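Scroll down for the structure; my scribbles are underneath it.
No experiment lies behind these values; they were computed from the predicted model shown. Every heavy atom of this structure was used, including side-chain atoms; hydrogens, water molecules and symmetry mates were not.
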Amino acid sequence: MQTVAKIFVISGPSGSGKSTLLKRLFAEYPDTFGFSVSHTTRKPRPGEENGKDYHFVLKEHMEEQVAAGKFIESATFSGNMYGTSIKAVEDVVESGKVCMLDIDMQGVKSVKNTQLNPRYIFVRPPTLEVLEQRLRGRGTETEEAVTARLEASQRELEYGDTPGAYDRIVINDDLESAYKSLKSAIFEA
């Protein structure tokens, strides 16, 4: 299999299954892909590790770095900042691996204004109702946070349906078929 890009942007609403699909891809191809670890000012969820799941940083530090132009994209959601540093992407590409970026719709729009030229893949749930069940099933967020994520998800789904916004759309209604679809989008000749 031959990859067609050195950088992929994987996007989709919170709860669409991006992380699950990427973890599986990394497990199957540990020497091929590198994860661009995003920065966030939110607190870690149970089981998350600093430097692996996110770089958990103070808001003041991240604001300084963003202002200094050291981020490809950044966004604020539910009072927390999220972003992708230029260094995180460079580190992966320089290691010889294909860089995977897991970012939201705002981030996708920002990356489209850079010189990176990645391939864009949108992971979507089969329905908004299924997405709501997944978010509530996590049991890690307040009702306000779930509501905010659902509102943001509606906008992300609308953007995902915009012609030309993404190179491929993966519908995550069944993990096996979604994973095959993701691999097809990445390894297509």
Less than 3.5 Å apart, which donor and acceptor atoms pair up between the side chains of residues 74-92 and the rest of the protein, not counting sequence neighbours?
residue	atom	partner	partner atom	Å
Tyr82	OH	Arg42	NE	3.2
Thr84	OG1	Glu73	OE2	2.5
Ser85	OG	Ala88	N	3.0
Lys87	NZ	Asp91	OD1	3.1
Lys87	NZ	Asp91	OD2	3.0

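- Looking only at side-chain heavy atoms (C-beta outward), Leu150 and Val146 come within less than 4.5 Å of each other.
- Under a hydrophobic clustering in which Ile, Leu, Val, Met, Phe, Trp and Tyr are joined whenever their side-chain heavy atoms come within less than 4.5 Å, directly or via other members, Leu116 and Val66 fall into different clusters.
- From Leu157, atom CG reaches atom OG1 of Thr162 across 10.5 Å, with rounding to the nearest 0.5 Å.
- Not a single donor-acceptor pair under 3.5 Å links the side chain of Ser181 to the backbone N or O of Ser177.
- A salt bridge does not link Arg45 to Asp53: none of the charged nitrogens lies less than 4.0 Å from a carboxylate oxygen.
- The line from CZ of Arg119 to NZ of Lys6 is 15.0 Å long, rounded to the nearest 0.5 Å.
- Between Phe71 and His39, the distance from one ring center to the other falls under 6.0 angstrom.
- A salt bridge links Lys183 with Glu28: the distance from a Lys NZ or Arg NE/NH1/NH2 to an Asp or Glu carboxylate oxygen falls below 4.0 Å.
- Geometric assessment of Lys109 against the ring of Tyr159 yields a positive cation-pi assignment under the 6.0 Å and 45° thresholds.
- Within a 6.0 Å sphere centred on NZ of Lys97, other residues, nucleotides and ligands contribute more than 12 heavy atoms.
- For the pair Pro30/Thr32, no side-chain contact is recorded, criterion being any heavy-atom separation below 4.5 Å from C-beta on.
- A salt bridge is defined here as a Lys NZ or Arg NE, NH1 or NH2 lying under 4.0 Å from an Asp or Glu carboxylate O, and Glu132 with Arg136 meets this definition.
- Interatomic distance, Arg24 CZ to Leu175 CG, rounded to the nearest 0.5 Å: 5.0 Å.
- Between the side chain of Thr127 and the main chain of Val130, a donor-acceptor pair closer than 3.5 Å is present.
- For Met62 against Val57, the heavy-atom pair with the smallest separation is CB-CG2, 3.9 Å.
- Looking only at side-chain heavy atoms (C-beta outward), Asn172 and Tyr179 stay at 4.5 Å or farther from each other.
- Residues Glu64 and Lys70 have side chains not in contact (no heavy-atom distance under 4.5 Å, counting atoms from C-beta outward).
- Residues Ala178 and Val170 share a closest heavy-atom pair of O-CG1, 3.4 Å.
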Check the pair Val98 / Tyr29 against side-chain contact (heavy atoms from CB on, under 4.5 Å), numbers first and verdict last. CA-CA 11 Å; Val98 175; Tyr29 302 98; over 6 Å; no
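- Within the 4.5 Å cutoff, side-chain heavy atoms of Val111 are placed close to those of Pro118.
- Side-chain contact between Val37 and Lys52 is absent, with no heavy-atom pair separated by less than 4.5 Å.
- Between Glu48 and Tyr54, the closest heavy-atom pair is OE2-CE1, 4.1 Å.
- Note: Phe33 and Phe187 have perpendicular aromatic rings, judged against thresholds of 30 and 60 degrees for the angle between ring planes.
- Note: Leu21 CG to Ser19 OG = 9.0 Å, rounded to the nearest 0.5 Å.
- A donor-acceptor contact shorter than 3.5 Å is absent between the side chain of Thr114 and the backbone of Ser110.
- With Lys18 contributing its side chain and Phe122 its backbone, the two residues share no donor-acceptor pair below 3.5 Å.
- Taking 4.5 Å as the limit, some side-chain heavy atom of Leu25 sits within range of a side-chain heavy atom of Met100.
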Throw together a table of side-chain donor-acceptor distances under 3.5 angstrom for residues 7-16, partners on residues two or more places apart or in other chains.
residue	atom	partner	partner atom	Å
Ser11	OG	Ile103	O	2.8
Ser11	OG	Tyr166	OH	3.3
Ser14	OG	Arg138	NH1	3.3
Ser14	OG	Arg149	NH1	3.3
Ser16	OG	Pro13	O	2.9
Ser16	OG	Val123	O	3.4

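- No more than 12 heavy atoms of other residues, nucleotides or ligands lie within 6.0 Å of CD1 in Ile171, so this atom counts as exposed by the packing criterion.
- Between Lys112 and Tyr120 there is a side-chain heavy-atom pair separated by less than 4.5 Å.
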